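Structure record follows, encoded as structure tokens.
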Amino acid sequence: MFYRHYRAARTLALCAALTACGGDNAPSPEQQQSQPAAETANPDAWPELQAALRRDPEQEARIADLLSRMTIEEKVGQLIQAEIKYVTPEDVKKYHLGSILNGGGTYPDNDKFATPEDWLALADAYYEASMDTSDGGVAIPVIWGSDAVHGHNNVIGATLFPHNIGLGATRDPELIRRIGKATAREVAVTGVNWTFAPTVAVVRDDRWGRTFESYSEDPRIVRQYAEQMVEGIQGEKDSDTFLDGRHLVSATKHFIGDGGTERGIDRGDTKASEKELAEIHAAGYISALEAGVQTVMASFNSWNGKRLHGHEYLLTDILKERLGFDGFVVGDWNGHRFVEGCTVESCAQSINAGLDMFMAPSDWKPLYKNTLAQAKSGEISPERLDDAVTRILRVKLRAGLFERNQPLAGRTDIMGSAEHRAIAREAVRKSLVLLKNNGGLLPLDPEQKILVAGDAADNIAKQSGGWTISWQGTGNTDADFPGATSIYDGIKSAVSTAGGEAALSENGDFSGATFADGGEADVAVVVFGENPYAEWHGDLASLEYQLGTKTDLELLQKLQEQDIPVVSIFISGRPLWVNKEMNASDAFVAAWLPGSEGAGVADVILTDADGKKQYDFTGRLSFSWPRLVHQTVINHRDEDYKPLFTYGYGLHYGDSTQISNNLPDDGETYADGALEDAWLMVSRPRAPWQLMIAENGRDPVAVTGNRASSGDDNNITVASIDMESQEDARQIDWKGLRGGSVQLSAQKPQDLSRYIAEEAALTLDIRVDRLPEQPVSARIACADGCAGELPLQQPLQSLPTGDWSQLSIDLQCFAEEGADFSRISNGLSLTSEGPLSLAVANIKYVPGAAESAEIRCRG
Ligand code: BGC
Ligand code: BGC
């Protein structure tokens, strides 16, 4: 038995003690990746674009003059973007910082309810600090960037438009332009001058947690929309509206290949030919550059093993030279740290590769110091430094920042205005895709008794998804959305106007008191779907909706069993495998993530009081919808293309298409599909698994939020910590006052026997911080007592303290000890009798991994 160590920098100490480390120079996956198959660069795969904008000679002369007066310290300051939680106006002045940002869920003074005036006051404070030359230096305005990705979504009261995947379904480029313009206007009210939008990813594998930020799997739509969105935000180039203060700076992101990573793993590797990169993933950049986009955000991902933040060929030779981009390239959140040889605090490699500005939220100060030293030593050449600063100044001049041209600043009447909400509601109507309408159930007559059920029916946070007030879109309640409407709100108001009755019941139960006549519902509208997520937290191992829990399916079936016709309104950031839910629905609408104007749904699904349709369904899928659960990478124009609903599909009223109520469930779905990894905890516990603390002799406590403990004496505590990214790991401390365990348990027994058949291993990342002196065990168990338990004390003792390692155990070992994998309720529990401190992350069952597991039980 040995423990495979997988981070090269940390390998040395351990390897001396182990037998099979693969030598001291064993490469980490990172290093292995960074040797792409020899491939000759092929710039001809890319179109040759002219510099997108005509340069203004006067501006260029002004830049040259500014540059000639700036010290090297001032120049390096321009290369740094810090986050408002970690940087004061005083810092901006002292270090001449080029930019600030607010991350998702960061607000002035850490106040979620900061008003637009508070935002503006803070923006003014940073701006004035940047222009204050009282201690010498040249006045260069700071630029503030924010993720206004579906409206100005960090600010309470802003209009929230449908997320991009919903906009993709509208097929209405002109609408996209109006949304861009409205968003820019709301952002301008708060004194922020730059939005990190649009995302122009062209998604391949829908398990990616950012699929909802993508317009389409089809590069043509992305190309068409990127242009419209950029022109909406920035105004039309060569016109008076361009960057006129009502129109702001846009960033297309994330350059390049973010939507193409293997298995849809966020920040992963995109293995693609240069032709594919240019023809598929570059689509949005081509049109955005032609429209004059001023900034491009580098991506976290790699291309054929090489990180974009250090990719000179793509950032410089292609983007800047071949495609003629003369604005600046901003990094993504500490994205430079992934470049070989770099850390969060030091990365000359990125600047040398063509990055112009680091996004360095909290560690900007050491990064500034190191970058300055590198500029002074010549590791970053004076030419490269001047080029980066020139680009940044060019954008600031074009955007009128030197003059603080802000015609809309403080115009709070524009935030969430009726005019903008009307655009959002129109977008909701147009984004709805009717997938099934058997017997022409829709549209509904509002003069009926309508039961509205499901946990998304009256839940504005859920219908808005990630990047909503908070980063992940979690932790919000209806009170956080003044002026917004839930889907139920819209139905209720239309139905009561028409003289019908709408009753809300989340769990679908109703009684004699629910409707005035004491009777049953005529029809049920059930609104359900994915809970909010953003970035890697949203990545999935399987496309199956409610894998292992299926509570919404039960709700649909319960209603159908009472002969109530069921309309499903499905909230999601991507197509998911929902055959069972579809079979249990008479009509089924893909509503995506509609945002603040939930009433747009009622506009389409209800007729007017005269029984005439108000609006037809016009939305069409911009993503193919899987027929089988393993169809994770299914995109139109694929060779063997057999989705459930093809790209472009979408029913209209009057269509007679009937969808089978016997779509394949289970068995067939796996027919030729490989078994996916089962994720128990990847970034967060994954349904059906819930993280629990169970002390001997006490009731288990669920771990919700970032910290939990077993009781007053904190005998066992669990806290979220960072391994590779925010809060992707859990620190577990046992004080040893009493024994007890931390478990991943499911409410319903799970049939995981396929994982035994497919020779899976339990794998996890683990870091022991305090070694155990008393017994420790790993256990997999059923609710009724069947259990396989393995001793873990000795294996843990052989690990180095304070370092991450990977541990894997053949599941067969648990089976042999008594775990029955056809009905598992405890996917893993770690029990300690005495004091112990460790951290865990990435807990999975990985098919096929038994053979190479450290702890094996097969012959
Ligand atoms: C920020 C986000 C950012 C993320 C990146 C979060 O804390 O709020 O804006 O994208 O970190 O790791
Ligand atoms: C995301 C970007 C975002 C940035 C700032 C990153 O983690 O990848 O899309 O613009 O954070 O919030």
Side-chain angles (χ1 to χ4, degrees), residues 80-87 99-108 110 112 143-150 152-155 163-164 183 187 192 194-201 203 208-214 229 233 248-259 261 265-268 284 293 295-302 307-309 328-338 344 355 357-364 465-476 532-539 573 683-684 706 720-729:
I80 306 280
Q81 180 183 61
E83 215 266 0
I84 62 169
K85 260 196 290 200
Y86 309 99
V87 67
S99 179
I100 54 168
L101 86 149
N102 67 290
T106 304
Y107 332 93
N110 268 323
K112 180 173 181 177
I143 183 167
W144 180 338
S146 187
D147 296 288
V149 299
H150 66 138
H152 198 6
N153 43 58
N154 287 290
V155 182
H163 269 296
N164 288 352
T183 302
V187 174
V192 171
W194 179 18
T195 166
F196 302 136
T199 295
V200 295
V203 179
W208 187 36
R210 306 191 81 154
T211 300
F212 70 89
E213 296 186 58
S214 166
M229 189 52 98
I233 294 168
L248 310 172
V249 177
S250 155
T252 33
K253 69 187 188 186
H254 311 80
F255 189 80
I256 187 178
D258 51 353
T261 58
I265 299 286
D266 194 52
R267 309 174 168 202
V293 74
T295 68
V296 169
M297 188 183 291
S299 192
F300 283 121
N301 66 272
S302 330
R307 290 284 178 184
L308 257 298
H309 274 69
F328 69 86
V329 178
V330 63
D332 200 346
W333 194 277
N334 283 331
H336 53 274
R337 84 185 143 118
F338 292 121
V344 169
L355 192 90
M357 183 185 279
F358 289 111
M359 187 185 288
S362 53
D363 299 296
W364 59 269
W467 297 110
T468 299
I469 308 177
S470 65
W471 172 40
Q472 295 286 323
T474 47
N476 301 320
Y533 53 78
E535 300 194 57
W536 64 93
H537 290 242
D539 292 352
S683 305
R684 56 190 166 94
N706 290 340
S720 301
I721 56 160
D722 302 351
M723 181 180 75
E724 301 220 298
S725 48
Q726 278 126 299
E727 298 176 6
D728 59 347

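Predicted model, so just to flag it, every value in this text is computed and none were measured. Just follow the structure's listing: the first ligand is 1, and inside any ligand the first atom is 1.
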To which protein heavy atom is [atom] closest, and what is the distance rounded to 0.1 Å?
atom: atom 6 (C) of ligand 1; answer: Q726 NE2, 3.2 Å
atom: atom 9 (O) of ligand 2; answer: H254 NE2, 2.7 Å
atom: atom 3 (C) of ligand 2; answer: D147 OD1, 3.1 Å

Heavy-atom donor-acceptor pair, [X] side chain to [Y] backbone, under 3.5 Å:
X: D147; Y: G103; answer: no
X: N154; Y: G105; answer: yes
X: Y533; Y: G473; answer: no

Side chain, backbone, both or neither: which part of L101 has a heavy atom under 4.0 Å from ligand 2? side chain
R267 contact mode with ligand 1 (heavy-atom cut-off under 4.0 Å):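 Just the side chain.
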Looking only at heavy atoms, is any part of F196 under 4.0 Å from ligand 1, and if so is it the side chain, the backbone, or both, or is it neither? neither
Looking at every non-hydrogen atom in both residues, tell me the closest pair between A360 and H336 and how far apart they are.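 Taking every non-hydrogen atom into account, CB-CE1, 4.5 Å.
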Which atom names give the shortest non-hydrogen contact between V149 and N164, and what distance separates them?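 Nearest pair, atom of V149 first, then N164: O-OD1, 4.1 Å.
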If you measure every N or O of E535 against every N or O of ligand 1, does any of those distances drop under 3.5 Å?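 Between E535 and ligand 1, an N or O pair is found under 3.5 Å apart.
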On the six-membered ring of W471, is K112 placed so that its NZ or CZ lies under 6.0 angstrom from the centre and within 45° of the ring axis?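 Checked: cation-pi criterion not met.
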Are any of the heavy atoms in Q472 under 4.0 Å away from ligand 1?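 Q472 does not count as a contact of ligand 1 under the 4.0 Å cut-off.
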Please confirm whether F300 approaches ligand 1 to less than 4.0 Å, judged on its heavy atoms. no
Measure the distances from the heavy atoms of V149 to every atom of ligand 2 and state whether one is below 4.0 angstrom.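 Flag not set, V149 not near ligand 2.
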So is R210 in contact with ligand 2, going by heavy-atom distances below 4.0 Å? yes
So, R267 and E724, do they make that salt bridge, N to O below 4.0 Å?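 No, this pair does not count.
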Show your working on side-chain hydrogen bond (donor to acceptor under 3.5 Å, both in side chains) between H150 and T183 and close with a plain yes or no. CA-CA 8 Å; H150 66 138; T183 302; over 6 Å; no
Between W144 and F196, is the ring centroid distance below 6.0 Å?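 When the ring centroids of W144 and F196 are compared, they turn out to be at least 6.0 Å apart.
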Close-contact set for ligand 1 against [X] heavy atoms, below 4.0 Å:
X: G104; value: 1 (C), 2 (C), 8 (O), 9 (O)
X: G103; value: 8 (O), 9 (O)
X: W536; value: 12 (O)

Determine whether V329 and T295 make a side-chain contact, defined as any pair of heavy atoms from C-beta on separated by less than 4.5 Å. no
Report yes if some N/O of D332 lies less than 3.5 Å from some N/O of ligand 2; otherwise report no.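 Yes, D332 has an N/O under 3.5 Å of an N/O on ligand 2.
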Is it the case that ligand 2 has an N or O less than 3.5 angstrom from some N or O of W333? no
Tell me whether the rings of F300 and H309 are parallel (<30°), tilted (30 to 60°) or perpendicular (>60°).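 Geometry flag for H309 against F300: parallel rings.
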Using a strict 4.0 Å cut-off to heavy atoms of K253, name the atoms of ligand 2 that fall inside it.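 The atoms of ligand 2 under 4.0 Å from a heavy atom of K253 are 2 (C), 3 (C), 9 (O), 10 (O).
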